[in-house]
2 protein chains.
Amino acid sequence: MTGAASPVAREVLLARAYLSRVAEPPASALAALVEEIGPVEAAHRVREGTVHGPGAIPPAVAGETAARRATDRAEADLALLATRGGRLVVPEDPEWPAMALAGLGVAAGVDGTLGLEGASVRDGLAVPLALWARGPLRLTEAPRGWVAMVGARAASDYGLWVARDWGADLADRGKTVVSGAALGVDGAAHRGALAVEGRTVAVLACGIDRAYPPTHATLLDHVGRRGLVVTEYPPGATPARHRFLVRNRLVAALSAGTVVVEAGARSGATRTALVAEALGRAVMVVPGPVTSALSVGCHELAQRPEVTVAGRVAHVVERVSEVGDGLAAPPGSPTRRTDGLDPDALRVHEALPLHAARTAVRLAHDSGVDPTVVATLLSDLEACGLVGQEGGRWRRRPG
Amino acid sequence: MTGAASPVAREVLLARAYLSRVAEPPASALAALVEEIGPVEAAHRVREGTVHGPGAIPPAVAGETAARRATDRAEADLALLATRGGRLVVPEDPEWPAMALAGLGVAAGVDGTLGLEGASVRDGLAVPLALWARGPLRLTEAPRGWVAMVGARAASDYGLWVARDWGADLADRGKTVVSGAALGVDGAAHRGALAVEGRTVAVLACGIDRAYPPTHATLLDHVGRRGLVVTEYPPGATPARHRFLVRNRLVAALSAGTVVVEAGARSGATRTALVAEALGRAVMVVPGPVTSALSVGCHELAQRPEVTVAGRVAHVVERVSEVGDGLAAPPGSPTRRTDGLDPDALRVHEALPLHAARTAVRLAHDSGVDPTVVATLLSDLEACGLVGQEGGRWRRRPG
């Protein structure tokens with residue numbers, strides 16, 4: 001899965017690699033030109049930089065590319081990528097997540113405002129020119145079963161707990177946890193998924209060769225080896241505030257649904273949620289105490305008609321499935337062992353952690369199900385082979 | 001406002017007082033008979049107890065009244081009520097909250113299920129035969145501006161804080177806080193309203209002469225002197241589990257909206273919310289930590305399309321106003337001093353407690369509004385006369 005192994009013609013890869021550095025994303029005009037005349041011709045014309053006569057580039061493209069058009073590091077970038085075991089995924093490649101990203105182009109062309117942030121959200125929705133990727137997961141799977149978990153960098157213990165626990169639970173249910181590798185909620189969500197050997201995708205706001213934040217270098221290494229690290233920025237690109245915002249559209253677009261775990265009144269996570277809404281994806285918020293400034297953004301988002309509240313992981317799974325079903329034909333939809341359980345039994349089952357045992361009393365407390373009913377439900381679950389007990393403590397039975 | 005001062009004919013009051021004791025609410029068949037032939041004739045026939053021939057009562061009414069039809073304490077009940085400064089409010093009285101209760105009869109006749117609890121909710125929606133009341137507030141005002149706050153008896157500190165703080169805030173904004181005088185959320189909501197000398201209504205599941213729970217005797221005394229204590233149960237009626245559930249329909253019906261502050265997976269508060277939904281009233285839940293068993297019921301209710309999340313008091317006020325506007329023509333709708341403020345300014349204003357001063361930094365923290373913006377907003381609010389400062393600390397200016 002290195003750049004050299006790409007099924008795409010070398011000149012296309014080189015053209016896309018050049019174009020991906022020459023304009024700062026989101027580059028709507030350049031994206032439109034590439035769409036119109038193809039990457040090789042577009043790269044040629046941008047390099048020439050002619051603004052009048054035959055082979056001229058439109059003024060908007062000239063504006064987007066003027067500062068960097070002389071910088072062509074495509075060969076070196078692809079070589080570097082290959083040494084890191086990465087690949088450049090481009091629209092000409094079957095791995096290109098065409099379905100996931102299609103909405104970006106459409107939404108970018110929509111007139112009218114998108115709510116809280118209005119036109120500023122829409123203007124940034126250009127389709128990326130290429131995606132620098134590293135890791136065994138394939139982008140073409142997105143957005144089906146991909147769930148974004150986003151939230152505050154300065155998350156509370158509560159937010160970190162939810163991000164990690166739900167990240168693990170979603171991954172354990174076969175979902176792919178998408179986030180931005182930032183401090184706080186992002187990192188906890190990735191770690192939760194990795195902890196159960198699940199699937200997780202980090203979308204960066206910098207070059208794939210950079211570890212940002214530096215304290216997440218090991219985390220990014222793990223994600224790259226077991227999941228996927230992806231970015232539209234060329235190698236060496238430094239993280240910058242506006243890049244985080246631009247990157248967020250890819251987090252939203254690559255996912256069937258976005259879960260905002262914690263967010264202040266104004267936050268990048270809220271913006272990601274608004275993009276997801278604009279793309280017709282599921283937007284969910286994790287509720288928190290109304291006394292917490294870090295849940296204000298979640299509760300404000302919850303005022304929007306399309307945004308739902310996720311009180312437990314099952315709410316996320318249900319919502320993402322609904323939306324996901326609208327995005328793609330199910331490739332033989334997997335059944336879960338807990339399908340068909342009644343809601344109380346499901347709740348008791350969910351209250352059981354993945355790798356620890358619990359007493360019935362504790363399960364009643366954690367699930368909120370009447371203690372007198374829990375015993376019966378546990379017997380039922382045991383009969384289904386979903387749980388087992390030893391010494392009065394119950395645990396999940398592996399599938 | 002004693003029974004003797006009622007504008008209703010004495011024989012009607014006596015008939016309603018008798019009927020209110022003779023059948024256990026909700027008494028759908030008896031309510032229908034009274035509706036058909038009037039309370040005086042209905043009381044006469046029930047007393048006679050004839051089940052065949054002229055003047056017979058329908059079998060369903062006979063069933064509802066068989067156990068107690070010989071018990072007529074109407075004179076004594078009205079006399080007792082008068083000594084307590086109470087009054088019997090009946091449909092023949094202009095004070096009868098006809099608009100608030102009209103929905104009960106309609107909803108009781110609706111076919112189909114009402115969601116979580118199905119028919120069991122619907123069956124209990126009979127209109128009360130009379131309301132025993134004590135206090136200066138008039139029932140005829142309901143449901144406009146009446147907001148129910150309900151929730152767990154074994155509430156957490158968080159739930160108690162929200163109930164009390166929001167109860168005070170709602171009352172301070174001119175709303176009437178309706179609840180059931182129970183331990184936990186109910187009591188805290190009443191106390192919050194009383195603390196700002198606001199309006200509050202306690203709907204009891206026992207006779208108006210009884211203080212239940214006993215530790216709330218003083219609270220009920222305060223509510224009765226400054227707000228309203230009301231019940232459909234005759235004097236001496238003891239609180240019982242089924243009466244709490246039956247009473248809950250009146251809490252929902254008397255209110256334009258119901259706010260569930262904290263609720264376990266199954267709770268009386270959830271039932272009240274479902275009745276409110278069935279009546280077309282606003283149903284709101286206060287979010288809480290997903291890790292709290294006492295917020296599970298709130299988050300489950302939030303899965304219902306008609307239920308909204310209230311992250312702050314303004315969300316309640318907005319929602320109740322929307323629904324309230326559909327329930328009645330505004331009797332010259334009061335304007336608030338904060339009408340027309342932009343959302344951030346409103347948030348900063350709301351972050352100011354009623355009777356304490358705050359620094360701008362603290363207000364930025366509590367409101368979640370960008371600290372660099374807060375200073376400007378405070379100047380704007382000061383210019384409007386809504387806030388004032390002294391020594392770098394800001395406080396609300398009384399209206």
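Fair warning: this is a prediction, and the values are worked out from it, not measured in the lab. Note on naming: letters A, B, ... go to the chains in the order of the sequence lines (proteins, then strands), and numbering restarts at 1 for each one.
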Student: Between His299(A), Arg266(A), Gln303(A), which has the largest tally of heavy atom pairs under 4.5 Å with chain B?
Tutor: Gln303(A)
Student: Verify, without hydrogens or angle tests, whether Thr200(B) (side chain) and Val177(B) (backbone) share a donor-acceptor contact under 3.5 angstrom.
Tutor: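 Looks like yes, one N/O pair under 3.5 Å.
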Student: Heavy-atom count check: over 12 atoms from other residues, nucleotides or ligands less than 6.0 Å from Glu382(B) CD?
Tutor: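 Enclosed.
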Student: At a heavy-atom separation under 4.5 Å, does Val296(B) approach chain A through its side chain, its backbone, both, or neither?
Tutor: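 Contact with chain A involves the side chain of Val296(B) alone.
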Student: For Ser379(A) and Thr376(A), test the side chains for any donor-to-acceptor distance below 3.5 angstrom and give the result as yes or no.
Tutor: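 Short answer, no.
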Student: Side-chain contact, heavy-atom cut-off 4.5 Å: Arg312(B) with Glu300(A)?
Tutor: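 A side-chain contact exists here, since the closest heavy-atom pair is under 4.5 Å.
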Student: Mind ranking Ser292(B), Pro289(B), Ala310(B), Gly311(B) by heavy-atom pairs under 4.5 Å with chain A and telling me who comes out on top?
Tutor: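 The residue among Ser292(B), Pro289(B), Ala310(B), Gly311(B) with the greatest pair count is Pro289(B).
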Student: Identify which part of Val162(A) has an atom lying under 4.5 Å from any heavy atom of chain B, answering side chain, backbone, both or neither.
Tutor: side chain
Student: Do you know which two heavy atoms are closest between Arg319(A) and Thr308(A), and how far apart they sit?
Tutor: NH1-OG1, 2.9 Å
Student: Among Gly297(A), Ser295(A), Pro287(A), which has the most heavy-atom pairs under 4.5 Å with chain B?
Tutor: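 Between Gly297(A), Ser295(A), Pro287(A), the count favours Pro287(A).
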